[in-house]
Protein chains: 2
Amino acid sequence: MWLHRARVTRGNGRAGNPLVAKLMQFAPLSDGDVVVLEEMCRREERFQPGTNIVVEGETPRAAFVITRGLAHRYRLMPDGRRQILTILIPGDFCDLHGFLLKAMDHSVATSGPTRIAAIDRETVMKLVLNHPRIGAALWWSAMQEQAMLRERIVALGRRSARGRLAYFLCELVWRQRAVGMAEDHAIRLPFTQTDLADTLGLTSVHTNRVLQGFRRDELITLERQRLILRDIERLQAISGLTPDYLKLSSTPSEVLRYFDDLERDRAPPSLPEDP
Amino acid sequence: MWLHRARVTRGNGRAGNPLVAKLMQFAPLSDGDVVVLEEMCRREERFQPGTNIVVEGETPRAAFVITRGLAHRYRLMPDGRRQILTILIPGDFCDLHGFLLKAMDHSVATSGPTRIAAIDRETVMKLVLNHPRIGAALWWSAMQEQAMLRERIVALGRRSARGRLAYFLCELVWRQRAVGMAEDHAIRLPFTQTDLADTLGLTSVHTNRVLQGFRRDELITLERQRLILRDIERLQAISGLTPDYLKLSSTPSEVLRYFDDLERDRAPPSLPEDP
DNA sequence: CGAGGAATTGAGTAGGTTCAAGGCCGGTGG
DNA sequence: CCACCGGCCTTGAACCTACTCAATTCCTCG
């Protein structure tokens, strides 16, 4: 386990598996669990920037994991305007249950060169059934995802443009740090200002001005798709965020028990799962 | 089963169990399932308007079901402003999994005289383990809830005040119709204009003006906490909503199979669960 | 009848949008 | 190598939606 932790935090993410890194935050995984996850991510596929992975209205055939790069869920309005719903970073397990839906209510596209591993339904079921710890971690990460959706509602409903931007940038950096994809407070951000605007519910023009304000105030640097947070203190103050927001990431001993219980009920004389 | 359907749709909701009505949309429930659900809702508790059910920062002890009235999740900003995240109507099963969290990131309060049945952790687990169909329906309704969160993000990010209001009112009426709590296009709406504003991400003053605009245009009636949609066509046009939005509510045969499979794996020679 | 919360109205302001034009690349073809 | 092209970023100016502040009226309830 320590070995994996080490691999995850070393380097700029090229090394560790972000999915493993993410799930380890939530539940202690056995070596067997880790191997399965890594194996699952092996069959990754490359996508050009701006490629649609899932399209609104279509029937999703499989779940998928982002292994590298960046993607986003979005919705197009009848008049052509766009709202980006969430950003997907490496380690995000998408549409875990969604593959049973008959039609997507939104699309997913890559926002830079991105690698994605598709996980078919069969595999997902086996994964959850045979690896309760992974199930627990996935459940937990679904909770976190929901929390992020709520946070977004608060941001769009009650924060100023500056607040939204500050919040968004902080969140993105934190998330990437959490899966070992960022040293310091810098990340790669393959987003145009229009993308940013569509995320924040603003105009690209106004986003531009706010962005410049941030640069002038030396809060951030953003050039050539490289974002650096220069003054996190002040950024947090602007975003008005509760500092312990993602505190979900503590050890949920109760949750583990819950899932272990499920497992016990499920396969009475269950075989040992770890080698 | 037909009997229950009948009870649900008759009258103004005082008759059928809204939870049953809601879950029946998603999965066919056995009579045994229905009995269990009804029994579970029997131990309901009454709350005055504006009572906090769950408070941000606290550790949730149980899940709960709204059996009558209305409630809402909300978040307070450091400066005292409020954002209402979602509205909870009868039949909503809240924090189904949340009871494992160590701290809520938002609060829940009633918005009128409301009745709520608390469901302790023990019961939830048994419910899901012994009644796969209920599990399936709950899972499905969680999907729907997520879809509503996304819809909200789109609304706050990309719709005008009129659009938001129109959308919100339509959604609320539809949801209540779906659980048999509304005849026609009228519902009880125990919301102050400030509540509305905090839901829509607006000011109460501006909400007031938009509301008056709607009345002037004979789109709605709203007095003494009674809301009537007078021109749904036009309201939908204003809200710019995709008409088939909640189309989730079709029969998910695949989902049923999925859960039935889970059940089969779980308890090989399982006892009959229904009397 | 008085009190307090909610709804309503007005006037001034601000944050963000719209429209439009120009500048800065990075890529492509001659 | 240069010229051209298409995104993207940047800037200005006018405009408008929604906010702020403040006062008045309306309701409901004790």
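We name chains A, B, ... by the order of the sequence lines, and we start the count at 1 in each one.
- If you take CG of B:Leu196 and P of C:dA6, they are 13 Å apart, rounded to a whole angstrom.
- Nucleic acid contact class of B:Ser204 (heavy atoms, under 4.0 Å, all strands): none.
- Between the P atom of D:dT17 and the CG atom of B:Leu200 lies a distance of 17 Å, rounded to the nearest Å.
- As a whole-Å value, the separation of B:Arg164 CZ from D:dA18 P is 7 Å.
- Between B:Glu171 and B:Gln176 there is no side-chain heavy-atom pair separated by less than 4.5 Å.
- OP1 or OP2 of D:dT10 sits under 4.0 Å from a side-chain N or O of A:Arg215.
- Shown here is B:Arg215, whose CZ atom has more than 12 heavy atoms of other residues, nucleotides or ligands within 6.0 Å.
- Rounded to whole Å, the distance from CD on B:Glu223 to P on C:dA7 is 13 Å.
- For A:Arg209 against D:dG12, a side-chain N or O and a base N or O form a donor-acceptor pair under 3.5 Å.
- A straight line from CZ of A:Arg216 to C1' of D:dT11 spans 12 Å, rounded to a whole angstrom.
- The closest side-chain heavy-atom distance from B:Leu189 to B:Leu169 is below 4.5 Å.
- Counting non-hydrogen atoms of neighbouring residues, nucleotides and ligands closer than 6.0 angstrom, the CZ atom of B:Arg226 exceeds 12 such neighbours.
- If you take NE2 of B:His206 and P of D:dT20, they are 12 Å apart, rounded to a whole angstrom.
- The side chain of A:Gln212 contributes no N or O atom lying less than 4.0 Å from OP1 or OP2 of D:dC9.
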message: Quick one, B:Tyr167 with B:Ile238, criterion side chain to side chain contact (heavy atoms under 4.5 Å, CB included). Give me CA distance, side-chain angles, the key distance, then yes/no.
response: CA-CA 8 Å; B:Tyr167 181 81; B:Ile238 292 170; over 6 Å; no
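- Listed nucleotides D:dT10, D:dC19, C:dT8 differ in distance to A:Gln193; the shortest reach to its side chain belongs to D:dT10.
- One finds no side-chain N or O of A:Asn208 lying less than 4.0 angstrom from the OP1 or OP2 phosphate oxygen of D:dC9.
- Phosphate proximity of D:dC8 to A:Arg224: absent, as no side-chain N or O sits under 4.0 Å from OP1 or OP2.
- The residue among A:Arg158 and A:Val205 whose nearest nucleotide of DNA chain D is located toward the 5' end is A:Val205.
- Comparing A:Ala161 and B:Leu211 along DNA chain C, the residue whose closest nucleotide (by nearest heavy atom) sits nearer the 5' end is B:Leu211.
- To the nearest angstrom, P of C:dT17 lies 11 Å from CG of A:Asp198.
- In this structure, the nucleotide among C:dT17, D:dA18, D:dC9 sitting nearest to the side chain of A:Leu202 is C:dT17.
- Rounded to an integer number of Å, the gap from CD of A:Gln225 to P of C:dC25 is 15 Å.
- Nucleic acid contact for A:Thr192: sugar-phosphate only, since backbone atoms but no base atoms lie under 4.0 Å from a heavy atom of the residue.
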